[in-house]
**Student:** 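The structure under discussion is supplied below as structure tokens; questions concerning it will follow.
Because the structure is predicted, anything quoted here is derived from the model rather than measured. Order of the sequence lines sets the chain letters (A, B, ...), proteins ahead of strands, with each chain counted from 1. Below, each value reflects all heavy atoms present in this structure, side chains not excepted, and no hydrogens, waters or symmetry copies.
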There are 2 protein chains.
Amino acid sequence: MFRIGELANRHGINTDTLRFYEKHGLLQPSARQDNGYRAYNQADDQRLAFILRAKSVGFSLGEIAELLSIEVDKANRVCSDVKELVDEKLVKVSEKIAELERFRQSLQILSDGCCGGPHSAEHCTILQALESFEPDDMQPSYSK
Amino acid sequence: MFRIGELANRHGINTDTLRFYEKHGLLQPSARQDNGYRAYNQADDQRLAFILRAKSVGFSLGEIAELLSIEVDKANRVCSDVKELVDEKLVKVSEKIAELERFRQSLQILSDGCCGGPHSAEHCTILQALESFEPDDMQPSYSK
DNA sequence: CTTGACCTTGGAGTAGACTCTAAGCTTTAT
DNA sequence: ATAAAGCTTAGAGTCTACTCCAAGGTCAAG
Ligand SMILES: [Zn+2]
Ligand SMILES: [Zn+2]
Ligand SMILES: [Zn+2]
Ligand SMILES: [Zn+2]
């Protein structure tokens with residue numbers, strides 16, 4: 001049995017984070033001590049490890065909640081349930097990468113065109129581009 | 001001279017967004033009509049276009065404010081001032097891409113290891129990985 | 001017995017970029 | 001004349017993932 005500080009410490013996180021996860025339904029301590037302190041057991045520790053691993057591969061807390069709900073009901077769930085979540089996330093991450101890649105390319109083009117020296121900004125190609133390019137000539141940001 | 005609705009319409013944005021930009025110092029209407037309505041002129045229209053183009057290459061509103069402060073004082077600024085902002089952003093965007101690429105790779109490995117079929121989730125390699133692998137060791141269940 | 005570390009709670013603050021609401025005035029169309 | 005559309009303001013709400021704060025209870029050490 002660990003108290004909140006011990007558990008937080010073992011995982012290198014803040015006690016506030018643990019209370020935050022609790023409030024959002026991700027991790028309830030399995031018991032309370034007589035004095036009201038949260039009491040976490042081995043299973044809680046493993047659940048937290050699961051949460052942190054899922055975070056480390058990019059899942060949001062909301063997505064982790066879905067993953068956990070499958071995990072605790074494994075026996076009645078199938079691979080496709082799990083893989084679907086992973087693949088949906090893969091799509092979201094890939095789309096975000098694609099958007100950032102467009103930004104990167106546009107910024108690189110902007111950067112490459114500018115001398116970067118003590119040249120007056122009145123003729124700076126970066127400012128000129130931002131002043132007059134047509135939106136279609138630049139990669140538009142996608143709106144969700 | 002345009003009223004707020006017209007300007008918003010011409011640029012495909014919301015009037016609230018225009019008021020928001022104003023409150024945050026990005027775009028002040030050059031005048032007010034007698035009835036108190038905001039009156040935007042051609043220069044305001046161009047400044048808005050600048051803002052939207054900068055947004056489309058990934059700049060945040062705070063960064064756009066910096067860009068604008070250089071733009072309006074072009075004569076006393078130099079290329080390096082401008083390029084510096086672009087290059088800093090390029091670094092930030094590249095870092096974010098790198099992080100997302102790591103997520104993508106981990107997710108891909110997770111996805112590849114799972115059959116995705118009607119197989120019981122009790123033996124799902126994705127759940128097993130999240131339950132027990134160290135984040136750095138995330139590997140497919142089979143080796144290629 | 002007091003100090004200090006650790007725990008409790010509810011609630012507020014942060015960042016970013018809007019988006020919406022309420023209450024009310026102005027203009028346009030019927 | 002009246003209703004719809006558009007404008008005004010200040011301020012609140014949204015989303016994500018914490019992080020911090022205040023006021024106070026608990027516990028081991030000196
Ligand atoms: Zn130059
Ligand atoms: Zn330049
Ligand atoms: Zn399977
Ligand atoms: Zn599986």
**Student:** Could you pull out all residues at least two apart from E84(B) that satisfy salt bridge (Lys or Arg N to Asp or Glu O under 4.0 Å)?
**Tutor:** none
**Student:** Can a salt bridge be assigned to the pair E99(A) and K96(A) using a cut-off of 4.0 Å between side-chain N and carboxylate O?
**Tutor:**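 K96(A) and E99(A): salt-bridged.
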**Student:** If a pair satisfies ring-ring contact (aromatic ring centres under 6.0 Å, His included) and one of its residues is in residues 22-79 of chain B, list it, with sequence neighbours excluded.
**Tutor:** F20(B)-H24(B)
**Student:** Quick check on contacts: within residues 38-52 of chain B, what sits under 4.0 Å from DNA chain C by heavy-atom distance?
**Tutor:** none
**Student:** To the nearest 0.5 Å, what is the distance between CZ on R19(A) and CD1 on I4(A)?
**Tutor:**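 Going from the CZ atom of R19(A) to the CD1 atom of I4(A) covers 4.0 Å.
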**Student:** With sequence neighbours left out, which residue pairs that include part of residues 21-40 of chain A fulfil the salt bridge (charged side-chain N to carboxylate O under 4.0 Å, His left out) condition?
**Tutor:**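 Every salt bridge (charged side-chain N to carboxylate O under 4.0 Å, His left out) pair that includes a residue of residues 21-40 of chain A, provided the two are not neighbours, is E22(A)-R32(A), E22(A)-R38(A).
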**Student:** Could you work out how much the helix from dC1(C)-dG30(D) to dT30(C)-dA1(D) bends, comparing the axis of its first five pairs with that of its last five, to 10°?
**Tutor:** 30°
**Student:** Using 4.0 Å as the upper bound for N to carboxylate O, is an ion pair formed by E101(A) and R104(A)?
**Tutor:**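 Yes, charged N to carboxylate O under 4.0 Å.
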**Student:** List in numerical order all residues of residues 2-22 of chain B for which some heavy atom is under 4.0 Å away from an atom belonging to DNA chain C.
**Tutor:** D16(B), T17(B), F20(B), Y21(B)
**Student:** Under the rule for side chain to side chain donor-acceptor pair (under 3.5 Å), what residues qualify as partners of R77(B), not counting sequence neighbours?
**Tutor:** D81(B)
**Student:** R47(B): what forms a salt bridge (Lys or Arg N to Asp or Glu O under 4.0 Å) with it, not counting sequence neighbours?
**Tutor:**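 Testing R47(B) for salt bridge (Lys or Arg N to Asp or Glu O under 4.0 Å), a comparison that skips the adjacent residues, returns none.
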**Student:** Closest-nucleotide mapping onto DNA chain C: is N35(A) or K23(A) further toward the 5' terminus? I mean the 5' end.
**Tutor:** N35(A)
**Student:** Which pair of heavy atoms, one from Q28(B) and one from D44(B), lies closest together, and at what distance?
**Tutor:** O-OD1, 3.6 Å
**Student:** If you walk 5' to 3' along DNA chain D, what is the first nucleotide with an atom under 4.0 Å of a heavy atom in chain A, and what is the last?
**Tutor:** dA17(D) to dC27(D)
**Student:** Of Y37(A) and H24(A), whose closest DNA chain D nucleotide lies nearer the 5' terminus?
**Tutor:** H24(A)
**Student:** Between atom CG of L67(A) and atom CD1 of I126(B), what is the distance when rounded to the nearest 0.5 Å?
**Tutor:**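 It is 8.5 Å, given to the nearest 0.5 Å.
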**Student:** Taking 5' to 3' order, which nucleotide of DNA chain C is first and which is last to have an atom within less than 4.0 Å of a heavy atom in chain A?
**Tutor:** dC6(C) to dT9(C)
**Student:** Got a second to check how far S69(A)'s OG is from L85(A)'s CG, nearest 0.5 Å?
**Tutor:** 8.0 Å
**Student:** Using atom types as modelled, flag every donor-acceptor pair under 3.5 Å from a side chain in residues 113-124 of chain A to any protein atom, sequence neighbours excluded.
**Tutor:**
residue: S120(A); atom: OG; partner: E122(A); partner atom: N; Å: 3.1
residue: S120(A); atom: OG; partner: E122(A); partner atom: OE1; Å: 3.4

**Student:** Assess, by modelled atom type and distance only, whether the side chains of E63(A) and S60(A) contain a donor and an acceptor separated by less than 3.5 Å.
**Tutor:**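 Yes, S60(A) and E63(A) have a side-chain donor paired with an acceptor closer than 3.5 Å.
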**Student:** Which atom pair, heavy atoms only, marks the closest approach of D16(B) to N14(B)?
**Tutor:** N-OD1, 2.8 Å
**Student:** Taking salt bridge (Lys or Arg N to Asp or Glu O under 4.0 Å) as the test, write out the residues that go with K55(A), two or more places apart.
**Tutor:** none
